[in-house]
Amino acid sequence: PAPAGTAPNPRLYQFGLGPEDEAGQVAERAWFDGHQRALAMVPSGAWGDRLLLAFRTRWLALGGELLEERRYPADTRDYAPPSKALLDVDASEARAAEVRRAIGRDLRFEPRRRQDADFVFMPGFPLQGRQLRPQLEYFGAGRLPAYATSHMFGGARDSERDRDLNGVTFGDMPWIVDPGARDAALYDQLRSAWPAAGAGGNARLYALGIDAYRLLGHLGRLRAQPEARLQRQTGSIGIDAQGRASRRLRWATFRNGFPVLAD
């Protein structure tokens, strides 16, 4: 994107699949769903920091409260420590240890997670989500709503592997999750020529290319009417006065290993 403060260029338009835009929409969706108090668990590193900043900024602007932020190493296989810290299970265990020391004997104890959170923001990729979601469930947060960006869905339906993502809500483009809204004829033609166009890591780039081409004849009108939007393969698209295109996503929740469209 152009640097902040750059004077608008009437011949310049920006259109992409920025993860920060998705993180901001996660905040909006969670707020729309009636939530007010959030937890956040993100991968460590620049990518996770970008998503967390975008989510935090939008969430706080809406009036939400961010109770806790935690990071986990992007290549970790042990999600227990950050999950326990996020849910305050480690604090519960520490209190139990203090009681044992105070009374001088062992006692039966079941750690409890914090009860003040409405949902958890957990952006990441399928391999991470399939391990993180069960870990949170193990520590008592199985019924705590979870929200993610499109990166959580690999694009190909795999109910056996994605059962561990049940209950996770994510935003994505119609090309991936909404067969009724995508260009079925073009989708079938592309899949016959390039199977990766319909699913997999590059599928979203095909949709981006389709929309970038088909937006050419509408750029001036959309820029002059920022409230106008076009329903396209990557989402509902509008363009602001600076020439930046924004997408409104479709929402789905994993049920029995499959993404099911929300209202």
Side-chain angles (χ1 to χ4, degrees), residues 13-33 51 54 58 123 125-126 129 145-159 162 165-223 225-240 243-263:
Y13 293 86
Q14 301 177 67
F15 179 40
L17 306 179
E20 294 91 342
D21 295 336
E22 295 192 12
Q25 287 189 57
V26 169
E28 293 170 0
R29 179 70 197 196
W31 184 260
F32 173 81
D33 287 342
L51 267 68
R58 185 63 180 137
F125 296 90
Y147 291 78
T149 56
S150 66
H151 311 85
M152 191 61 72
F153 181 43
R157 294 172 180 266
D158 189 341
S159 62
D162 287 342
L165 294 174
N166 283 345
V168 177
T169 297
F170 66 99
D172 209 333
M173 58 178 64
W175 184 262
I176 300 295
V177 295
D178 191 358
R182 66 188 174 210
D183 187 325
L186 180 57
Y187 181 85
D188 292 339
Q189 290 174 4
L190 283 172
R191 287 204 64 183
S192 65
W194 300 287
N202 294 326
R204 295 178 178 90
L205 297 180
Y206 285 90
L208 176 64
I210 293 168
D211 282 0
Y213 177 76
R214 290 182 168 178
L215 279 174
L216 290 175
H218 304 277
L219 294 177
R221 178 174 65 86
L222 289 174
R223 191 168 191 166
Q225 299 176 308
E227 71 281 359
R229 307 194 74 86
L230 291 178
Q231 300 296 330
R232 290 295 184 261
Q233 306 309 301
T234 58
S236 174
I237 302 173
I239 298 178
D240 65 18
R244 295 179 300 229
S246 63
R247 300 180 301 123
R248 307 304 301 177
L249 305 174
R250 291 289 282 115
W251 293 91
T253 302
F254 283 101
R255 307 288 186 198
N256 297 317
F258 292 106
V260 177
L261 287 176
D263 52 10

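The residues of the chain are indexed from 1 along the displayed sequence. Values below: all heavy atoms of this structure, side chains included; hydrogens, waters and symmetry mates excluded. Being a predicted model, the structure only gives us computed values, none of them experimental.
- Phe15 is linked by a side-chain contact (heavy atoms from CB on, under 4.5 Å) to Leu208, Asp211, Ala212, Leu215, Thr234, Ile237, Ala245, Arg247, counting only residues two or more places apart in sequence or in another chain.
- For Asp178, the side-chain hydrogen bond (donor to acceptor under 3.5 Å, both in side chains) partners at least two apart in sequence or on another chain are Arg250.
- Partners of Asp188 by side-chain hydrogen bond (donor to acceptor under 3.5 Å, both in side chains), not counting sequence neighbours: none found.
- With sequence neighbours excluded, the residues satisfying side-chain hydrogen bond (donor to acceptor under 3.5 Å, both in side chains) with Gln231 are Ser236.
- When all heavy atoms are compared, the tightest approach of Leu190 to Trp175 is CD1-CH2, 3.7 Å.
- Between the CD atom of Glu28 and the CZ atom of Arg58 there is a distance of 4.5 Å, given to the nearest 0.5 Å.
- Taking the side-chain contact (heavy atoms from CB on, under 4.5 Å) definition, one finds that Gln225 meets it with Arg221, Glu227, Ala228, sequence neighbours left out.
- Arg255 meets the salt bridge (Lys or Arg N to Asp or Glu O under 4.0 Å) test with no other residue; sequence neighbours excluded.
- With sequence neighbours excluded, no residue satisfies side-chain hydrogen bond (donor to acceptor under 3.5 Å, both in side chains) with Asn166.
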task = Check the pair Tyr187, Asp183 against side chain to side chain contact (heavy atoms under 4.5 Å, CB included), reporting the backbone distance first and the verdict last.
result = CA-CA 6 Å; Tyr187 181 85; Asp183 187 325; 5.9 Å; no
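- For Phe170 against Pro259, the heavy-atom pair with the smallest separation is CZ-CB, 3.7 Å.
- Residues in residues 202-222 take part in no ring pair (Phe, Tyr, Trp, His ring centres under 6.0 Å) pair, two or more places apart or across chains.
- Taking the ring pair (Phe, Tyr, Trp, His ring centres under 6.0 Å) definition, one finds that Trp251 meets it with nothing, sequence neighbours left out.
- Not one N or O on the side chain of Gln233 forms a donor-acceptor pair closer than 3.5 Å with the backbone of Ile210.
- The side-chain contact (heavy atoms from CB on, under 4.5 Å) search around Ser246 returns Arg229, not counting sequence neighbours.
- For the salt bridge (Lys or Arg N to Asp or Glu O under 4.0 Å) test, no residue two or more places apart in sequence or in another chain qualifies with Asp158.
- Using a 4.0 Å cut-off between charged nitrogen and carboxylate oxygen, Asp21 and Arg244 do not count as a salt-bridge pair.
- Contact annotation: the side chain of Arg223 approaches that of Tyr13 to within less than 4.5 Å [non-hydrogen atoms, C-beta and beyond].
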Less than 3.5 Å apart, which donor and acceptor atoms pair up between the side chains of residues 147-157 and the rest of the protein, not counting sequence neighbours?
| from | atom 1 | to | atom 2 | distance (Å) |
| --- | --- | --- | --- | --- |
| Tyr147 | OH | Asp33 | OD2 | 2.6 |
| Tyr147 | OH | His35 | NE2 | 3.1 |
| Thr149 | OG1 | His151 | ND1 | 2.7 |
| Ser150 | OG | Glu22 | OE1 | 2.9 |
| Ser150 | OG | Glu22 | OE2 | 3.0 |

